[in-house]
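Below you'll find the structure, written out as structure tokens, and then a few comments.
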Amino acid sequence: MTQISADPAMMQPATNACAVPSYLSRTYHWAYLSHRTLPWLDKEWVVSAILWGNARRLMRAAVEEFAPGQRLLQAACVYGPFSRLLAERVGDTGALEVIDVAPIQVANARRKLDGLTHAEVRQGDLARPDCLAPESHEAVCCFFLLHEVPPVERACIVHNLLGAVEPGGKIVFVDYHRTRPWHPLRPVMAQVFRWLEPFAPSLLDVDITAISPRGEGFEWKKTTLFGGLYQKVVGVRRG
């Protein structure tokens, strides 16, 4: 089991705020930084296939946690219609802010949110403490990001996201989880993680609520979906 016990505030990566992290360029260039593959991976049917037909279900599970009028932060861009679903959920009485470290993803998300004046997309490294103002959002959504970052950066991101939630606000994590032993996809996912998602195994046995000491300031609820392959972790900050 991989767990970060040190204070993530002391482990902020020493990178330029606008630089694409080396682990992202090295591991996921084909998935997130390539103009050749982006149009294909952004197709809804591809997103659905990657998530074994559960994409819409998982998106709904996240979106339903938020309410019209909220100031919502989406941590990193997501392929498919997810950002637009969030923007429509909070409505024009609310605000959606999407932050991603990759310029190509920022441009793509802006294209998909075009016409929604209450939605904003900007570049930023969520692992850096200066990316987010403290208690700046009523709600935060982190959808399938944590399995794609190394443990140290993951701890920094969780720490910073928790700090951005105002008292009484909510944070939602949706990501991979260790499957039940009987799950027919268990050996398949082991190979997927081995070849395509090398940081995912370090998340499977980690309690997201305990990654950062700031988690102690939240009330948590966790549910699993699709035989344990996915998890939704919801925290409400004590006011």
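Predicted model, so just to flag it, every value in this text is computed and none were measured.
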Scan Y176, F199, Y230 and name whichever one has a ring pair (Phe, Tyr, Trp, His ring centres under 6.0 Å) with H147.
-> Y176
Please test E216 against T209 for side chain to side chain contact (heavy atoms under 4.5 Å, CB included), starting from the C-alpha separation and ending with a verdict.
-> CA-CA 8 Å; E216 297 177 359; T209 72; over 6 Å; no
Would you find a donor on one side and an acceptor on the other, under 3.5 Å apart, between the side chain of R237 and the backbone of V165?
-> yes
Any donor and acceptor pair, going by atom type alone, linking the side chain of H137 with main-chain N or O of A139 inside 3.5 Å?
-> no
Taking side chain as C-beta onward, heavy atoms only, is N108 less than 4.5 Å from C77?
-> no
Value rounded to 0.5 Å, distance of CZ in F226 from NE2 in H177 | 15.0 Å
Report yes or no: do S83 and Q74 form a side-chain donor-acceptor pair below 3.5 Å?
-> yes
Distance in Å, F66 CZ paired with E64 CD, rounded so as to fall on 0.5 Å steps = 10.0 Å
Could you go through the side chain to side chain contact (heavy atoms under 4.5 Å, CB included) check for V174 and Q231 one step at a time?
-> CA-CA 6 Å; V174 177; Q231 62 179 317; over 6 Å; no
For L113 and A119, work out which heavy atoms get closest and say how close.
-> CD1-CB, 4.0 Å
Can you find a heavy atom in the side chain of T179 that is under 4.5 Å from one in the side chain of L185?
-> no
State whether the number of non-hydrogen atoms from other residues, nucleotides or ligands found under 6.0 Å of K221 atom NZ is greater than 12.
-> no
Hey, does the side chain of D42 reach the backbone of G80 with a donor-acceptor pair shorter than 3.5 angstrom?
-> yes
Any chain of hydrophobic side-chain contacts (each under 4.5 Å) joining V236 to I208?
-> no
Can a donor-acceptor pair be found between the side chains of E148 and Y23 at a distance below 3.5 Å?
-> no
May I ask you to say whether D100 pairs ionically with R122, meaning some side-chain N is under 4.0 Å from a carboxylate O?
-> no
Determine, step by step, whether T117 and D92 satisfy the side chain to side chain contact (heavy atoms under 4.5 Å, CB included) criterion, reporting the C-alpha distance in whole Å, the side-chain angles of both residues, the deciding distance to 0.1 Å, and the verdict.
-> CA-CA 8 Å; T117 57; D92 55 14; 5.6 Å; no
Side-chain donor or acceptor of E65 paired with backbone N/O of A62 under 3.5 Å = no
Salt bridge flag under 4.0 Å for residues D175 and R154 | no
Please report the shortest heavy-atom distance between V20 and V101, naming the atom on each side.
-> CG2-O, 3.9 Å
Pairwise distance NE2(H35) to CD1(I104) - rounded to 0.5 angstrom = 4.0 Å
Between S212 and H159, what is the shortest heavy-atom contact and its length?
-> OG-ND1, 2.6 Å
When rounded to the nearest 0.5 Å, the distance separating OH of Y28 from OG of S34 is 15.5 Å
Inspect the contact between R71 and E97 and indicate whether a charged nitrogen and a carboxylate oxygen are less than 4.0 angstrom apart.
-> no
Please say whether more than 12 non-hydrogen atoms of neighbouring residues, nucleotides or ligands are located less than 6.0 Å from CZ in R36.
-> no
Verify side chain to side chain contact (heavy atoms under 4.5 Å, CB included) between F173 and F143, making sure each step is shown before the conclusion.
-> CA-CA 6 Å; F173 297 96; F143 190 84; over 6 Å; no
Do other residues, nucleotides or ligands put more than 12 heavy atoms under 6.0 Å from the CD atom of E135?
-> yes
State, yes or no, whether a side-chain contact exists between L96 and E120 at a heavy-atom distance under 4.5 Å.
-> no
Side-chain touch C142/V172, heavy atoms, less than 4.5 angstrom | no
Shortest non-hydrogen contact between W30 and L41, atoms and distance | O-CD1, 4.2 Å
Checking Q105 side chain against A76 main chain: does a donor-acceptor pair fall under 3.5 Å?
-> no
Determine, for W40 and K43, whether the Lys NZ or Arg CZ falls below 6.0 Å from the six-membered ring centre while staying within 45 degrees of the axis.
-> yes
Considering all heavy atoms, the nearest D114-R84 contact | O-NH1, 3.8 Å
Going by heavy atoms in the side chains, are R56 and E44 under 4.5 Å from each other?
-> yes
K222 side chain to V234 main-chain N or O, any donor-acceptor pair under 3.5 Å?
-> no
Just how far is it from atom SG of C141 to atom CZ of R89, taken to the nearest 0.5 Å?
-> 12.0 Å
Min side-chain heavy-atom separation E153-P150 under 4.5 Å = yes
Indicate yes or no for a side-chain donor-acceptor contact from K232 to the backbone of A61 under 3.5 Å, with no hydrogens or angles considered.
-> yes
Would you indicate whether the side-chain heavy atoms of I171 and W220 approach each other to under 4.5 Å?
-> yes
Has the side chain of N160 got a donor or acceptor atom that lies under 3.5 Å from a matching backbone atom of I157?
-> no
The reported gap from CG in L146 to CD1 in I211 (rounded to nearest 0.5 angstrom) is 6.0 Å
Do you know which two heavy atoms are closest between G69 and E138, and how far apart they sit?
-> O-OE1, 3.7 Å
Treating Ile, Leu, Val, Met, Phe, Trp and Tyr as nodes and any side-chain heavy-atom pair under 4.5 angstrom as an edge, say whether L204 and I50 lie in one connected cluster.
-> yes
Below 4.5 Å, heavy atoms only, C-beta onward: do C131 and L126 meet side chain to side chain?
-> yes
Single-linkage hydrophobic cluster W45~W52, side-chain heavy atoms < 4.5 angstrom = yes
